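For the single chain, residues carry numbers from 1 onward in sequence order. Because the structure is a prediction, the values reported are computed rather than measured.
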Amino acid sequence: MDILVDAAIDTLKLIPFLLVTYFIMELIEGVAEDKAEAMVRRAGFFGPVVGALVGAFPQCGFSAAAATLYAGRVITLGTLFAVFLATSDEMIPIFIAEQADPNLLFKVLACKVVIGMALGFLVDLVQRLRHKGAGHLHIHDLCEQEHCQCSDGPLKSAIKHTLQVSLFIFLITFVLGGAIELAGEEAIAGFLAANPALSVCFAGLVGLIPNCAASVIICELFLDGTLSTGAMMAGLLVGAGIGLLVLCRENRRPKSNLFIIVLLWAMGVVAGFGFDLFGIVF
């Protein structure tokens, strides 16, 4: 029952973000899709900056919104990575609850934002060199994927999209919550503590779990001195929260989604090793 309630609460928190995102996308589609897409392309170079700053706000709903926007090719792949890497999820509440040094919180947030911006720009640069922009998928293609009737109006269509995605998120979150409950948070923590040499890689894998428990475990282990700064950063950088679930649900390209998830993990791990290699300690 506790797992069921937690899954429901996590899903309900996301519904406003999803509804607003879909409604905006429907308005863009219905009012001035061509002009809006042209504006996004012209301003696309600065997308990672905005994405990283917005992603740092303590709500995983922004990562879900970014995944939806990327599925409609409204934002670039680099902007999506910037949001995912900067997403703080439960980090800020945990640090505050544990009365951690405010300077520590600021340093971690600043590093996540800077890394998100830098890697976001790098991804977009590679995409441009490969002559792959934001793509030609239009927002209405999402409607075709969902087999909905967008002629009902932007609000009704946005509600339909939101309900469909929310149901998917609820089911997956419930299953993941059950798996974590069976394995035990202490077992996961013990596994990371027993393998310090590989803790950066393992922390990155734990961070990929689209559940707030992942960031809670990583923060607690770091504050207890079990994880190094590099391992902590690796886990928190890849912690995109529910955004990964929304990406897999909305972006109907399994190979592309797998590539994004693997690359996200690799970015977090490389950055984590960089912190430990250069002796950066928080």
With a cut-off of 3.5 Å and sequence neighbours excluded, list every side-chain donor-acceptor pair involving residues 240-247.
none

Query raised in the report: Between M267 and V123, is a side-chain contact (heavy atoms from CB on, under 4.5 Å) present by the stated rule, with each step listed?
Result: CA-CA 11 Å; M267 288 178 174; V123 169; 3.4 Å; yes

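- With side-chain heavy atoms closer than 4.5 Å counting as contact, directly or through intermediates, the hydrophobic cluster containing L258 also holds V262.
- For the atom pair CZ (F81) and CD1 (I260), the distance works out to 5.5 Å, reported to the nearest 0.5 Å.
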Could you give the side-chain donor-acceptor pairs of residues 48-55 under 3.5 Å, partners two or more places apart or in another chain?
none

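- Residues A66 and V83 come closest through the heavy atom pair CB-CG1, 3.7 Å.
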Would you give me the side-chain donor-acceptor pairs under 3.5 Å for residues 270-282, sequence neighbours excluded?
unit_1: D276; atom_1: OD1; unit_2: S228; atom_2: OG; d: 3.3
unit_1: D276; atom_1: OD1; unit_2: G230; atom_2: N; d: 3.0
unit_1: D276; atom_1: OD2; unit_2: S228; atom_2: OG; d: 3.0

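- The two residues F84 and S63 have their closest heavy-atom pair at CE1-O, 3.6 Å.
- Note: L227 CG to M232 CE = 9.0 Å, rounded to the nearest 0.5 Å.
- Sorted by first and then second residue, the pairs that involve residues 255-264 and meet side-chain hydrogen bond (donor to acceptor under 3.5 Å, both in side chains), not counting sequence neighbours, are N251-N257.
- Inter-residue side-chain proximity for T79 and L69 is flagged as unmet; no heavy-atom pair is nearer than 4.5 Å.
- Residues satisfying the side-chain hydrogen bond (donor to acceptor under 3.5 Å, both in side chains) criterion with T229, sequence neighbours excluded, are absent altogether.
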Just distance, no hydrogens or angles: give the donor-acceptor pairs under 3.5 Å from side chains in residues 102-117, sequence neighbours left out.
unit_1: K112; atom_1: NZ; unit_2: L85; atom_2: O; d: 2.9
unit_1: K112; atom_1: NZ; unit_2: T87; atom_2: O; d: 3.0
unit_1: K112; atom_1: NZ; unit_2: L236; atom_2: O; d: 2.7

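- Distance check, rounded to the nearest 0.5 Å: OG1 of T76 to CG of D124 gives 3.5 Å.
- Nearest approach of G204 to V238, heavy atoms of both residues: O-CG2, 3.1 Å.
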